[in-house]
Number of protein chains: 2
Amino acid sequence: MILEYQKLAVTDRSAGTVFPGGDPQAARITPYAARVKMTTRMEDVAKEIGVSRVTLSRVLNESPNVAARTRRRVLDHVQRIGYRPHQAARALVRRRSDLVGIFCSHPENLLVQRILIALQSHLYERGLKTLFQTTRGAEHELEALGALARREVDGLVAFSHYSPPSRLADLVRDRRPIVLSGYGPRGVAVVRANGSGGMARIVRYLLGLGHRRIHYLGPPAPMYPEARDDRRAGWLLALREAGLEKSAMHSAALAIDAAGGFAGAQGLLLGATSRPSAIVCFNDEMAWGALRAAREIGLEVPGQISITGFDGLDLFRYGWPALTTCRLDPEHAGQLMAQTLFRLIEGDEGARQHHVYEGTFQAGESAGPATA
Amino acid sequence: MILEYQKLAVTDRSAGTVFPGGDPQAARITPYAARVKMTTRMEDVAKEIGVSRVTLSRVLNESPNVAARTRRRVLDHVQRIGYRPHQAARALVRRRSDLVGIFCSHPENLLVQRILIALQSHLYERGLKTLFQTTRGAEHELEALGALARREVDGLVAFSHYSPPSRLADLVRDRRPIVLSGYGPRGVAVVRANGSGGMARIVRYLLGLGHRRIHYLGPPAPMYPEARDDRRAGWLLALREAGLEKSAMHSAALAIDAAGGFAGAQGLLLGATSRPSAIVCFNDEMAWGALRAAREIGLEVPGQISITGFDGLDLFRYGWPALTTCRLDPEHAGQLMAQTLFRLIEGDEGARQHHVYEGTFQAGESAGPATA
DNA sequence: CTGAAAGCGCTAACAA
DNA sequence: TTGTTAGCGCTTTCAG
């Protein structure tokens, strides 16, 4: 059991004496850090085995130039006592922490959460630990970028776009290992879904059902023009194809969650303008709120109005009606991000591209034929 | 702007020469770690200011014995150039990483996700960074415990219970800074909701509505008897009060999500036994699946059957019908965990208790009067 | 109040 | 194939 944890002892640092089991007097007020002695050192382990620290280190780092027999002996012992080198010391000398930072401005978003989970797993498989941080504003984001610059982390994945694109452009020059989710300047690695294609697919489906007044309910205006709403573009594209661009109506919600969808749909449905026969929403959560709004007004879905989502979260397949949506694969997205970041950390500049993955249309119960 | 990130330069380590801007030849294949020089060193910064490293260190660590004027001068310069000490080096000598590990066996659970977000924020406010890891099995969990033992992290929060309680008991003896979510042995810090009280409240509400056949749909059997389902206990308690214990029926689902609730409810509703007039579910997500199952069978909710949840997630207030549930405050839970862990790290053994927070009953639309 | 000296635990260059 | 030497960048005694 290589990961068996080690027993601790309490030290009296001034006297240099060790009290196994703890000093009952001082324990209550002494910070934990001062109470315990450092974990087993390499020196001791090497001595136990009868080799030098260096040989031990070589085995642990899978370096060449160790006799097979020695390696075996070392590995056996290490495994038995559950030794692992001190990570800080290792990071200090290797100039590499094996830590990856993930920062995220909207950790409440259900799709983001699923991607995060997959991402962490895949990074872990490659020996990278995940430092997670929620960014509330540009200040946090800058701090995360600073951590990368100072090499506190080996790489960064950003689900956050507070920084102006001009600053992101620095990333291009400095060639840091960073992966952005969603959008970013050319020359920076980006992973995103094909939102435009997926949304166009949904709209065409609705057009096929006879809908003509298809309104869009999306996120608030982006902080930077570069961050324009890709999904909205797909909606507009499909309407244009059908020559319905003129009647296109778009409404920006306060947030891309159920509350935002609820409020946004209320505006769309109770407004003075002609009522839409379908509302396509930026994501499932908004659609969910919109569904509620429609019903509170007394509209049947999909009888009197159709409402669609995006992301294809499993949860909403159990809703009533189940959402018609575009399913994205968070597992795949997370894997793609992990792989891209890993390539960048390894110095493969070829990974510095925009990676776009596809969604799949998923017919549900929330969209039906347009009523005359 | 203290967090302005620093410019990098590419080094040719063999020649010891620095090529600002990068060596275009080697860049593509050289790992990023080898391509960049280490960030600014303390030595240089101290020299620029005209003090020794020691004084600089003292200012940065808010140690006493620095003249106010010196402190001011140092702080100004540090702020201007955005210097921050190298974290690995700092951790090595301080024997403290300012890192906290969070491990979690069910990161998909919506309540857990919200708690995680709050927890991370509160830890961050106290200067602790969050290392996040999904645990898939006891092996991962042991590894996380090992990381604590080796002092790779200063503390741990566990939303995961793969390890047998006997192992957790070790935590009592070693007095490590660890906070468990849900349950744990005496002497280990635990944070959990009062599930039993909350669920009893829901059941009493249903009893008041005239329900008599109230079935429970909960998680699969726990891995260890200690981890018994608290919410189920509350359900049973309330039924006992009403003298209905005999008719109590419990069904274990495969998972505590919508899919589990769906399948579990199907079993409960399609089974040969007498149909329940109400199903109380372990959490909102399961209730959500149960709702779908009831409707697919053709049962109206709450007309023909009442279904309740637990957790009180905002999302389900937008569902139709909105769930009758018990609302837990994830923000509060996260804060409580952060605070407890912080106290333990600081050596306050008084924090090593079971902290129980209350939920609040929330009447929704998914429960109504029992029909004769 | 300040600085000089002594490591923290480990890996990488260089010798043997 | 192995071990010896020399730091990584920082904080913490201990003198001044």
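These numbers come from the heavy atoms of this one structure, side chains and all, not from hydrogens, waters or symmetry mates. By convention in this document, chain letters (A, B, ...) are assigned in the order of the sequence lines, proteins followed by strands, and residues within each chain are numbered from 1. None of the values given here were measured: they were computed from a predicted structure.
- The phosphate of dT11(D) has OP1 or OP2 within less than 4.0 Å of a side-chain N or O from Arg90(B).
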Can you give me the N/O atom pairs linking the protein to nucleotides 3-7 of chain C at distances under 3.5 Å, or say none if there are none?
| residue | atom | partner | partner atom | Å |
| --- | --- | --- | --- | --- |
| dG3(C) | OP2 | Ser52(B) | N | 3.2 |
| dG3(C) | OP2 | Ser52(B) | OG | 3.2 |
| dG3(C) | OP2 | Thr55(B) | OG1 | 2.8 |
| dG3(C) | O6 | Arg58(B) | NH2 | 2.4 |
| dA6(C) | N6 | Arg53(B) | NH2 | 3.3 |

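- One atom, CD of Glu62(B), and another, C1' of dT11(D), lie 15 Å apart when rounded to the nearest Å.
- Between Arg41(B) and Asp44(B), at least one side-chain N (NZ, or NE/NH1/NH2) sits under 4.0 Å from a carboxylate O, which counts as a salt bridge.
- Between Arg53(B) and Glu48(B) there is no salt bridge, since no side-chain nitrogen of the basic residue lies less than 4.0 Å from a carboxylate oxygen of the acidic one.
- Residue-environment remark: CZ (Arg72(B)) stays at or below the threshold of 12 foreign heavy atoms within 6.0 Å.
- Taking atom CD on Glu43(A) and atom P on dG3(D), their separation rounds to 12 Å, with Å as the unit.
- Residues Ala67(A) and Leu60(B) both approach DNA chain D. Their nearest nucleotides, taken by heavy-atom distance, put Ala67(A) toward the 5′ side.
- Straight-line distance from the CG atom of Leu56(A) to the P atom of dT11(C): 8 Å, rounded to whole Å.
- Remark: P of dC10(C) and CE of Met42(A) are 6 Å apart, rounded to the nearest angstrom.
- Ile345(B) CD1 to Leu123(B) CG: the interatomic distance, rounded to the nearest 0.5 Å, is 7.5 Å.
- Counting any heavy atom pair closer than 4.0 Å across all strands shown, Ser63(A) reaches no nucleic acid atom.
- Screening residues 124-136 of chain A for salt bridge (Lys or Arg N to Asp or Glu O under 4.0 Å), with sequence neighbours left out, gives Glu108(A)-Arg136(A), Lys129(A)-Glu143(B).
- For the OP1/OP2 pair of dT11(D) and a distance below 4.0 Å, the side-chain nitrogens and oxygens of Arg94(B) include no atom meeting the criterion.
- If you check dC10(D), dC10(C), dC8(D) against the side chain of His86(B), the one that comes closest is dC10(D).
- One atom, CZ of Arg72(B), and another, C1' of dC1(C), lie 19 Å apart when rounded to the nearest Å.
- Listed pair Tyr83(B) / dG9(D) fails the phosphate criterion, with no side-chain N or O lying under 4.0 Å from OP1 or OP2.
- Following rounding to the nearest Å, Leu92(A) (CG) and dT11(C) (C1') show an atom-to-atom distance of 10 Å.
- The phosphate of dG9(C) has OP1 or OP2 within less than 4.0 Å of a side-chain N or O from Arg95(B).
- Between Glu349(B) and Arg352(B) there is a salt bridge, since at least one side-chain N of the basic residue sits less than 4.0 Å from a carboxylate O of the acidic one.
- For the OP1/OP2 pair of dT2(D) and a distance below 4.0 Å, the side-chain nitrogens and oxygens of Asn65(A) include no atom meeting the criterion.
- For His77(A) and Tyr83(A), the gap between ring centers reaches or exceeds 6.0 Å.
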